[in-house]
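Worksheet: the structure to be examined is printed underneath.
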Amino acid sequence: MSDNMIHVSDGTFEDEVINADKPVLVDYWAEWCGPCKMIDPILHEMADEYGDRLKIAKLNIDQNQQVTNQFKIRGIPTLMIFADGKVQGMKVGAMTKNALKAFIDETI
């Protein structure tokens with residue numbers, strides 16, 4: 001696992017994401033989600049490529065209902081980029097590496 005990828009929970013979300021000193025891409029996922037498993041290796045690559053400019057956080061929706069409900073997550077994987085404590089962009093569904101890079105580049 002990349003050093004630039006972390007796991008967050010209802011208890012750590014505010015410190016790790018909302019109060020982060022750089023943009024954070026949050027991957028809302030679940031163990032049973034096939035598309036979530038498909039994009040996981042891509043997220044690890046992105047964590048290494050963008051490590052100095054972007055933090056990647058994974059939040060298991062089954063174990064963290066508070067944040068999941070707060071941001072009205074209905075489908076997974078949902079990817080949200082936060083900066084300065086606010087959602088800057090959101091995509092739902094698995095995506096290719098190129099599509100994910102484009103989303104990150106246009107958002108941060």
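Counting from 1, the numbers follow the sequence of the chain as shown. What you see is a predicted model, and the numbers here were worked out from it, not measured in a lab.
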Open item on the list: For Glu14, I'd like to know if atom CD has over 12 heavy atoms of other residues, nucleotides or ligands within 6.0 Å.
Closed with: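 It does not: Glu14 CD has 12 such atoms or fewer within range.
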- [ ] Using a cut-off of 6.0 Å, state whether more than 12 heavy atoms not belonging to Asp105 lie near its atom CG.
- [x] yes
Looking at [atom1] of [X] and [atom2] of [Y], how far apart are the two atoms once the value is rounded to the nearest 0.5 Å?
| X | Y | atom1 | atom2 | value |
| --- | --- | --- | --- | --- |
| Leu25 | Gln88 | CG | CD | 12.0 Å |
| Ile76 | Leu59 | CD1 | CG | 10.5 Å |
| Met46 | Leu79 | CE | CG | 11.5 Å |
| Glu45 | Met5 | CD | CE | 10.0 Å |
| Gln63 | Asp10 | CD | CG | 10.0 Å |
| Lys58 | Asp27 | NZ | CG | 4.0 Å |

TODO: List the steps, then state whether side-chain contact (heavy atoms from CB on, under 4.5 Å) holds for Phe71 with Thr78.
DONE: CA-CA 10 Å; Phe71 291 98; Thr78 293; over 6 Å; no
- [ ] Go through Met80 and Ile73 one step at a time and tell me if the side-chain contact (heavy atoms from CB on, under 4.5 Å) criterion holds.
- [x] CA-CA 10 Å; Met80 281 184 183; Ile73 304 303; 3.7 Å; yes
Quick check: closest heavy atoms across [X] and [Y], and the distance to 0.1 Å?
| X | Y | result |
| --- | --- | --- |
| Ala30 | Cys36 | N-SG, 3.9 Å |
| Gly51 | Lys22 | O-NZ, 2.7 Å |
| Pro23 | Ile108 | CB-CG2, 3.6 Å |

Task: Flag for Trp29-Asp40: side-chain donor and acceptor within less than 3.5 Å - done: no
Open item on the list: With clusters defined by side-chain heavy atoms of hydrophobic residues (ILVMFWY) lying less than 4.5 Å apart, directly or transitively, does Met38 cluster with Met95?
Closed with: no
TODO: Determine yes or no for a side-chain-to-main-chain donor-acceptor pair under 3.5 angstrom, with Lys101 supplying the side chain and Thr96 the backbone.
DONE: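 No; zero donor-acceptor contacts below 3.5 Å.
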Open item on the list: As a quick check of understanding, evaluate side-chain contact (heavy atoms from CB on, under 4.5 Å) for Val24 and Glu16, giving each step before the final call.
Closed with: CA-CA 8 Å; Val24 182; Glu16 294 286 358; over 6 Å; no
Task: Any Asn64 side-chain heavy atom under 4.5 Å of Val8 side chain - done: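 Of all side-chain heavy-atom pairs linking Val8 with Asn64, none is under 4.5 Å.
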TODO: Taking the side chain as every heavy atom from C-beta outward, state whether Ile81 and Phe103 have any atom pair closer than 4.5 Å.
DONE: yes
TODO: On the 0 to 90° scale, with breaks at 30° and 60°, tag the Phe13-Tyr28 ring pair as parallel, tilted or perpendicular.
DONE: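 Answer is tilted, since the angle falls between 30° and 60°.
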